[in-house]
Structures are given as structure tokens and as C-alpha cells.
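A quick write-up on the structure given underneath.
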Amino acid sequence: MIGYDSSDDAAVYKINDDVAIIQTLDFFPPMVEDPFTFGKIAAANALSDVYAMGGEVALALNIVAFPEKLDPGILGEILRGGAEKVREAGGVLAGGHSIHDDSVKYGLSVMGTVHPGRVLANNTPRVGDAMVLTKPLGVGIITTAYKVGEASLEAYELAVESMQSLNKYAARIMKQFKVHACTDITGFGLLGHLREMLRDDISAVINAGQVPYFPQAMDCAREFLITAGGQRNRNFVGKDVRFENVPMAMQEILLDPQTSGGLLIAVSPGDAGLMLEQMRSGGVQAGIIGYITERQDRGIVVGAD
Amino acid sequence: MIVINAAGDACPIPVVKAKRAVRESEADATVRITVDNEIATQNLEKMASEMGLGYSCERESESVYIVSLVKGEGAKSDPSVDASPAAAGSSGTVVVISSNTMGSGDDELGASLMKMFIFTLAELDEAPRAVLFYNAGVRLTTEGSGALEDLARLTERGCAVLSCGACLNFFGLQDKLAVGEVTNMLKIVELQHSAARVLRP
């Protein structure tokens with residue numbers, strides 16, 4: 001049903017009229033010191049693609065690259081973190097594959113299930129839809145600044161907590177509403193992933209003042225603790241985005257590459273308020289960040305308030 | 001001229017090094033920084049633009065880029081406040097207010113102390129050259145603040161009342177500024193750098 005042609009989060013294969021399977025794979029090198037935490041973050045990130053497609057997690061397999069000379073106890077901790085998140089997702093971890101390599105990498109191949117009629121593609125928002133983001137932005141800026149001793153431990157711990165939290169809870173609430181499209185925010189940042197949701201006939205208008213982000217990331221960006229990834233995303237989205245009086249630091253946050261970021265949901269405008277309310281009362285730090293319009297001169301227009 | 005080698009450094013290190021050098025250097029100084037990738041030059045350019053520095057970049061070879069950052073002349077500057085000590089008039093004092101409260105312990109007490117501080121400041125025989133407001137300090141220069149009258153008195157006496165633009169935006173107060181002018185990081189740094197003394201309540 002979904003393959004290479006769109007920029008979707010996972011492949012979807014229809015088994016019969018009642019069941020389609022979602023298949024996805026994601027792995028990367030550590031962005032945090034603690035192996036148990038890294039395992040949890042890498043797993044939450046891989047599992048997220050299933051939630052972004054509207055599905056439930058069924059089965060996961062470990063993907064591991066690990067240096068021969070490193071303490072195998074570290075690998076044990078990474079796998080323990082991954083297993084904890086698969087269990088929390090309600091899935092079964094059924095083995096995997098590991099190789100020796102120069103550097104550590106970890107992730108999962110995940111299979112999920114979804115009703116074929118309820119698959120949430122990326123590029124199917126409708127004009128008028130409200131756009132909802134379900135995690136604060138800025139974890140890329142914070143983890144990078146922390147590595148060079150320029151962010152506080154407190155800020156770092158908030159970012160880690162966000163990265164290891166599953167999108168399961170936001171997805172569960174989302175499914176009760178008229179949702180037309182969904183993706184999750186990872187390496188291309190909010191604006192990069194938003195761009196993948198757009199077609200030639202629609203644009204997105206984003207209100208920067210409503211976008212949830214970590215205040216500590218703003219402090220860092222104001223001090224020019226800006227990342228290469230953010231600038232790459234800026235070059236990537238290029239002229240397709242118009243910023244209207246948005247301060248540079250806020251632009252950096254909107255372009256910040258996220259690890260295991262939140263869901264970005266296009267929801268019927270009449271449903272957005274109640275969905276947001278339910279997410280917030282369920283502990284999800286979501287915000288209505290903008291809406292979909294008829295095509296304008298640019299794909300994305302970002303206003304300051 | 002200050003020369004920095006940041007080849008081999010990943011972002012944000014080149015920007016952090018450049019920022020420190022710029023802040024520690026004299027007015028009109030040039031900071032030359034070598035980096036090994038184009039993304040780093042683009043990040044330096046954004047910093048230069050935010051700090052009001054002159055920016056130029058030369059690509060010497062495949063992986064050697066030399067970025068020059070120029071302070072003062074050649075860089076854009078805000079003519080509303082002259083940061084040079086010579087223009088200080090009768091006073092070289094700059095007051096920095098980075099919070100809407102004074103001291104820590106109790107915010108209610110802190111808010112009342114801050115109001116009294118600004119009142120007293122406006123009563124001084126010699127008004128300070130400038131009062132800088134940043135972070136939650138901008139709550140004092142915007143609608144609803146109890147300090148507006150005293151701050152207006154300060155501006156009448158030639159004192160610049162300056163609020164950080166990024167901070168106003170951050171708190172959603174950009175349309176609510178009720179006294180003084182909006183300023184930027186370059187001005188905040190320069191005014192403190194060139195002040196005879198800096199007061200922080």
C-alpha cells in the first residue's frame with residue numbers, strides 16, 4: 001500500500017481486508033553516554049514509525065553493531081533498554097542480528113499492524129486541518145551543547161526523558177479523532193518533516209509562538225550553540241520556507257534535528273482542541289502549531305505569533 | 001587581529017570559539033577563524049548577523065575556509081545609543097536587569113524590591129547611561145509593569161532604556177513594549193563592555 005514513492009515513515013503491506021502490516025527499520029550511533037538510556041532512545045525512535053502510520057507494535061528484532069574489544073556488559077545494557085521499550089509498546093522482541101564493527105550502533109526492525117482503512121500516510125493533509133506537534137523541540141541543540149559543556153545537566157535530562165518516551169500515548173489519543181495525516185519528527189527537524197507532508201496544492205502556515213520547545217534549547221540557540229544538522233536542514237528546506245519576523249534562535253529550533261521526536265498530526269480543525277486537551281491531560285506536551293491552507297507562494301510560512 | 005583555528009572542530013565548537021573571541025576583543029577588532037566545512041561558515045554567518053558583525057569568507061582550498069568577523073566599523077550598529085565611553089555624558093554606569101525580581105528567596109518580596117530599586121534609580125542625581133533589560137527583566141518594560149513611570153522618568157533624563165528583542169519575542173511581549181527601545185545582543189555586550197561600571201540588582 002505504501003512504498004518508496006512517498007516520503008513515508010514505514011512500508012505498509014495489505015494482508016487482507018482487515019489487516020495490513022507496517023514494516024520499518026531504524027538504527028543509529030549513541031547520542032548519550034549511558035548504554036541503557038541509549039537502548040531506550042534508539043528503540044523509542046524505531047517504534048515511533050509504527051505509531052506515525054497509525055498502527056500498533058507487534059514484533060521487533062534487534063540490530064546491533066558492537067566493537068569486539070568493548071565490554072559485553074555495555075551491550076547487555078543497550079539491549080535491556082531496547083527490550084524495556086518494546087515491552088512498554090506492547091510488542092514482542094524476538095531476537096535479532098549483531099555484527100562486530102568499529103563503533104556502536106543499535107536499533108530495531110519493527111513490525112506493526114493496522115486496519116488497511118486506517119493507515120495514516122504523510123502527504124494527505126486537507127485544507128483547513130490543524131497541525132499538532134506532540135513533543136517539545138530542541139533535543140538536538142541541547143544534547144550537542146551538553147557534549148561541549150554548554151548546557152546544564154538538568155536541560156540534558158529533560159531532553160533524554162523526552163527522547164526515550166514512546167509516541168504510543170499520543171498515538172492512542174490521536175486515533176480517537178479525525179486525523180488525515182501523520183508523521184514523526186526526526187533528523188530533518190520540524191520544518192523538514194512538515195515539508196514532506198505537503199503536496200503541490202497545499203501549504204502549511206506555522207505559528208512559531210505556539211510551537212512547544214525546551215526553553216533551555218532557546219537559551220542555547222541564543223548563545224549560538226547551533227548545530228551542523230540544523231544548518232543542513234536549513235539548506236535542505238531552503239526557499240520553500242518563508243520566515244516572517246521569526247528570531248534566528250527560534251528558526252534554529254524549528255530546524256533542529258530531533259532524535260525520537262514527537263508526532264506531527266494533521267487533524268480536522270473541529271477536533272483539534274479536544275485532541276490537544278486530552279493529550280495535555282495525558283501528560284503529552286502537545287501544541288497546535290498551525291494549519292493547512294491552499295497553496296501559497298511557499299510550501300511553509302512561519303509567523304512569529 | 002585574533003586568529004583561531006577551528007579546523008577539525010564540529011559545530012557548535014567553531015561558533016563557540018568565535019563568539020568568545022569576539023566578546024573578549026576590542027571594538028573594531030577582526031577575528032579570523034579557520035574551519036573545514038561550509039556548514040560551519042554558514043553557522044558563523046548567522047552568528048555574525050545576530051551580533052551585528054561584519055562577515056566575509058574565503059575558501060582557500062577544498063577543506064579550508066577562512067571567515068573574518070569584524071566588530072564595530074564595517075558592522076551595522078544601532079545609532080540610537082552610542083556605546084563608546086566618550087558619549088557617556090555625565091555617567092558611565094550601565095544597569096543590567098535580568099529578572100523581574102531582585103534577589104532570590106521570595107518572588108513577591110523580590111518584585112517589590114525591584115520596583116523600589118528602579119524608583120530609587122530614577123531619583124539618583126546622576127542618571128545611568130543605560131538600563132538593559134533581558135530575560136524576565138523585560139516584564140518590567142512592558143504593559144502591566146509597575147515600573148513604567150519611573151522608567152519613563154529615566155528616559156526623559158537621557159538614560160537609554162533598552163529591552164532585549166529576542167527576550168520580548170520569547171515571552172510573546174514584542175507588541176507590549178511600553179517604554180524605551182528594543183535592543184540586540186551586540187548592544188547588550190558593547191554597553192557592558194564599555195561601561196565604567198555595571199550595576200546588577
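Side chains are part of it too, since the values below use all heavy atoms of this structure and drop only hydrogens, waters and symmetry mates.
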Rounded to the nearest 0.5 Å, how far does [atom2] of [Y] lie from [atom1] of [X]?
X: B/T41; Y: A/Q231; atom1: OG1; atom2: CD; answer: 8.0 Å
X: B/N43; Y: A/R232; atom1: CG; atom2: CZ; answer: 9.5 Å
X: A/F224; Y: B/R20; atom1: CZ; atom2: CZ; answer: 13.5 Å

For the [atom1] atom on [X], are there more than 12 heavy atoms of other groups (residues, nucleotides or ligands in this structure) within a distance under 6.0 Å?
X: B/R32; atom1: CZ; answer: no
X: A/F236; atom1: CZ; answer: yes
X: A/F66; atom1: CZ; answer: yes
X: A/D297; atom1: CG; answer: yes
X: A/Q296; atom1: CD; answer: yes
X: A/N245; atom1: CG; answer: no
X: B/D107; atom1: CG; answer: no

Open item on the list: If the threshold is 4.0 Å, N to carboxylate O, is there a salt bridge linking B/K17 and A/E150?
Closed with: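 Salt bridge absent between B/K17 and A/E150.
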Worksheet item: Is B/R23 paired with A/E223 through a side-chain N to carboxylate O contact shorter than 4.0 Å?
Response: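 Looking at B/R23 together with A/E223, the answer is yes, because their closest N to O distance falls below 4.0 Å.
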Measure distances from B/N169 to the heavy atoms of chain A and classify the residue's part below 4.5 Å as side chain, backbone, both or neither.
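The answer is the side chain of B/N169.
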Residue [X] versus chain B: region with a heavy atom under 4.5 Å:
X: A/M248; result: both
X: A/N235; result: side chain
X: A/A228; result: both

Notebook entry, point to check: Stepwise, does the side chain to side chain contact (heavy atoms under 4.5 Å, CB included) test hold for A/M250 with B/F170?
Noted result: CA-CA 9 Å; A/M250 188 67 206; B/F170 178 82; over 6 Å; no
Which donor-acceptor pairs under 3.5 Å do side chains of residues 275-288 of chain A form with protein atoms, sequence neighbours excluded?
residue: A/R280; atom: NE; partner: A/A286; partner atom: O; Å: 3.0
residue: A/R280; atom: NH2; partner: A/A286; partner atom: O; Å: 3.0
residue: A/S281; atom: OG; partner: A/E277; partner atom: O; Å: 3.2
residue: A/S281; atom: OG; partner: A/Q278; partner atom: O; Å: 3.2

Residue that, paired with A/L225, satisfies side-chain contact (heavy atoms from CB on, under 4.5 Å) out of B/V15, B/I13, B/V16: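 Only one of B/V15, B/I13, B/V16 forms a side-chain contact (heavy atoms from CB on, under 4.5 Å) with A/L225, namely B/V16.
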Can I get a per-line list of side-chain donor-acceptor pairs under 3.5 Å for residues 151-168 of chain B, giving both atom names and the distance, sequence neighbours left out?
residue: B/R153; atom: NH1; partner: B/E123; partner atom: OE2; Å: 2.7
residue: B/R153; atom: NH2; partner: B/E123; partner atom: OE2; Å: 3.3
residue: B/R153; atom: NH2; partner: B/D150; partner atom: OD1; Å: 2.9
residue: B/T155; atom: OG1; partner: B/A152; partner atom: O; Å: 2.6
residue: B/R157; atom: NH1; partner: B/A122; partner atom: O; Å: 2.6
residue: B/R157; atom: NH1; partner: B/L124; partner atom: O; Å: 3.0
residue: B/R157; atom: NH2; partner: B/L124; partner atom: O; Å: 2.7
residue: B/R157; atom: NH2; partner: B/D125; partner atom: O; Å: 2.9
residue: B/S163; atom: OG; partner: B/T141; partner atom: OG1; Å: 2.8

Checklist entry - Are side-chain heavy atoms of A/T227 and B/P12 found at a separation under 4.5 Å? => result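 Not in contact.
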Worksheet entry | Modelled atom types, side-chain donor and acceptor of A/Q251 and B/K46, under 3.5 Å |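 Result is no, nothing qualifies.
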